[in-house]
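Worksheet: the structure to be examined is printed underneath.
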Amino acid sequence: MKEFIRSEARTETAVLVALITKTQDERKTAEYLDELEFLAETAGAATVRRFTQRMDGPSAVTYVGKGKLEEIRQFILDEEEAEREVGMVIFDDELSAKQLRNIERELKVKILDRTSLILDIFAMRAQTANAKTQVELAQYRYMLPRLQRLWTHLERQGGGSGGGGGKGSVGLRGPGETQLEMDRRIILNRMSLLKQRLADIDRQKATQRKNRGRLIRVALVGYTNVGKSTLINLLAKAEVFAENKLFATLDTTVRKVIVGNLPFLLADTVGFIRKLPTDLVESFKSTLDEVREADLLVHVVDVSHPDFEEQIEVVNKTLCDLGCSDKPQLMVFNKIDAYRWTPKEADDLTPATRENLSLDDLKNTWMARLGGDCIFISARERFNIEELKEMFYSRVRELHVQKYPYNDFLFSTYSEEGEEL
């Protein structure tokens with residue numbers, strides 16, 4: 001009788017590395033590492049250890065100092081001896097080709113940085129041809145300056161000919177092109193093809209947007225994992241994929257929403273994140289066209305996150321980079337059901353911190369600052385959703401009347417007696 005070996009899929013283990021610098025204190029570094037661990041978990045890796053080092057800035061050679069790199073290397077060896085293999089080391093900042101080469105040579109495990117990890121998650125999440133094309137282009141943009149000469153069995157071939165006039169040597173005269181240069185040319189050709197494909201998709205999307213009729217366009221924007229997809233599912237009775245993981249949504253989803261007698265289009269867009277790769281923003285411009293062409297932006301914020309104010313700044317900076325900072329905005333603070341705070345003791349004379357502010361304190365602060373353009377809700381528990389719909393109705397109706405004065409779609413409502421309301 002045959003014996004079968006049962007093999008189980010093992011979760012890859014990861015070590016995280018970050019720096020504490022003059023511009024990034026210990027608290028902020030811990031916050032960034034929490035987010036990096038969440039990214040690793042989303043990609044399917046389990047974090048087993050974190051390493052941090054105080055430095056003025058990253059080393060141009062190995063990112064961290066030699067002593068810290070040796071400490072990480074010793075930890076990996078100790079884990080191997082205990083039969084707990086470390087699959088990868090993930091760095092919180094983007095690494096150069098030189099840093100990648102030197103760190104891999106020293107640690108002898110897979111090395112990733114924040115950018116490559118985000119790209120891996122995007123590749124895993126991409127479902128449509130548009131998203132897959134954009135992710136592939138971003139991956140090639142990232143890969144191009146980091147090409148390494150893996151073809152060690154091929155020696156460099158010398159080009160040129162003649163009596164010593166060229167660079168070629170006897171027996172090495174040929175095309176004068178290394179494997180590395182061939183790889184670079186193949187990637188550049190592939191990138192050119194992908195850009196053309198994205199341009200074609202962009203034209204198709206533009207045609208679709210033109211055919212949507214005279215409706216006001218509203219776009220949900222915000223940091224990743226703040227509840228945008230949950231909110232569009234609630235308002236539009238849609239079935240957009242929503243999960244408590246980063247970048248659950250990559251493709252823009254547009255749904256028609258009717259509040260009272262007012263129809264409008266609501267778009268769910270890809271979430272932003274700190275240290276978002278520039279190549280990724282560049283590649284996803286066609287997806288973010290929904291943001292550019294929106295009449296109203298709804299900035300969704302996870303108020304339960306301890307660092308939500310910095311997330312607001314990240315989103316505002318990204319909107320500024322996209323040229324959308326001047327658009328009308330509503331600020332929606334989501335997840336009030338998950339908000340936690342620690343009241344100060346009566347005899348504590350130290351200044352109150354962010355952790356000591358109650359939800360009412362935050363409401364008073366932000367509502368005083370933003371006036372009627374701010375609301376606190378819970379999309380999951382459906383707190384203040386009717387108030388949110390009233391806010392939508394007021395702002396969208398105002399924009400609709402301005403943009404379409406002939407009132408094409410703003411139909412009237414009537415009472416049971418047939419009187420127009």
Side-chain angles (χ1 to χ4, degrees), residues 5-22 24-124 139 142-143 145-154 179-180 183 245-246 274-275 277:
I5 299 174
R6 180 179 294 176
S7 60
E8 296 181 358
R10 295 177 60 186
T11 303
E12 277 195 279
T13 55
V15 168
L16 309 183
V17 183
L19 294 180
I20 302 170
T21 63
K22 294 177 181 178
Q24 185 174 298
D25 60 19
E26 193 170 352
R27 186 196 66 80
K28 188 173 286 188
T29 299
E31 175 66 32
Y32 284 1
L33 282 173
D34 287 341
E35 188 172 82
L36 191 65
E37 183 173 346
F38 201 3
L39 283 167
E41 181 187 329
T42 302
T47 301
V48 293
R49 181 75 183 271
R50 296 179 176 188
F51 288 91
T52 59
Q53 184 176 21
R54 291 183 182 275
M55 295 179 70
D56 292 336
S59 163
V61 181
T62 53
Y63 183 77
V64 292
K66 290 183 179 178
K68 182 61 66 173
L69 199 64
E70 178 58 33
E71 184 184 339
I72 298 170
R73 180 174 174 272
Q74 190 58 50
F75 173 78
I76 293 171
L77 293 175
D78 292 344
E79 289 294 291
E80 285 180 356
E81 287 182 6
E83 296 184 351
R84 296 188 299 265
E85 186 178 356
V86 175
M88 68 188 84
V89 178
I90 307 173
F91 290 78
D92 189 46
D93 293 298
E94 192 169 302
L95 300 176
S96 67
K98 181 180 179 180
Q99 289 171 328
L100 275 170
R101 249 191 332 269
N102 293 331
I103 295 169
E104 278 183 347
R105 189 183 301 121
E106 186 70 24
L107 301 183
K108 295 179 174 59
V109 294
K110 182 165 54 177
I111 306 299
L112 297 176
D113 57 19
R114 177 181 276 253
T115 301
S116 58
L117 183 60
I118 291 173
L119 287 171
D120 186 63
I121 294 170
F122 270 52
M124 178 177 65
Q139 287 175 322
Y142 173 81
M143 189 190 304
R146 294 171 177 80
L147 280 177
Q148 297 183 26
R149 193 161 174 252
L150 302 177
W151 301 79
T152 52
H153 65 284
L154 293 176
Q179 186 64 43
L180 189 64
D183 290 344
K245 287 191 176 179
L246 302 181
R274 283 174 291 209
K275 303 180 184 179

**Q.** Exercise: do Tyr142 and Asp113 side chains pair donor with acceptor under 3.5 Å
**A.** yes

Q: Establish, from distance only, whether the side-chain atoms of Glu106 and Asn102 form a donor-acceptor pair under 3.5 Å.
A: no

Are the charged groups of [X] and [Y] less than 4.0 angstrom apart, N to O?
X     : Y      : answer
Asp34 : Arg50  : yes
Glu31 : Arg274 : yes
Glu79 : Arg49  : no

With side chains defined as the heavy atoms from C-beta onward, is the minimum distance between [X] and [Y] less than 4.5 Å?
X      : Y      : result
Asp93  : Arg114 : no
Phe91  : Leu112 : no
Arg146 : Leu100 : yes

Quick one: does [X]'s side chain have a donor or acceptor within less than 3.5 Å of a partner on [Y]'s backbone?
X     : Y     : result
Lys68 : Thr52 : yes
Gln99 : Ser96 : yes
Glu37 : Thr47 : no

Q) Could you state the interatomic distance from CG (Asp25) to CZ (Arg54), rounded to the nearest 0.5 Å? A) 8.5 Å

(Q) Within this structure, what is the CG-CG distance for the pair Leu16 and Leu33, rounded to the nearest 0.5 Å? (A) 6.0 Å

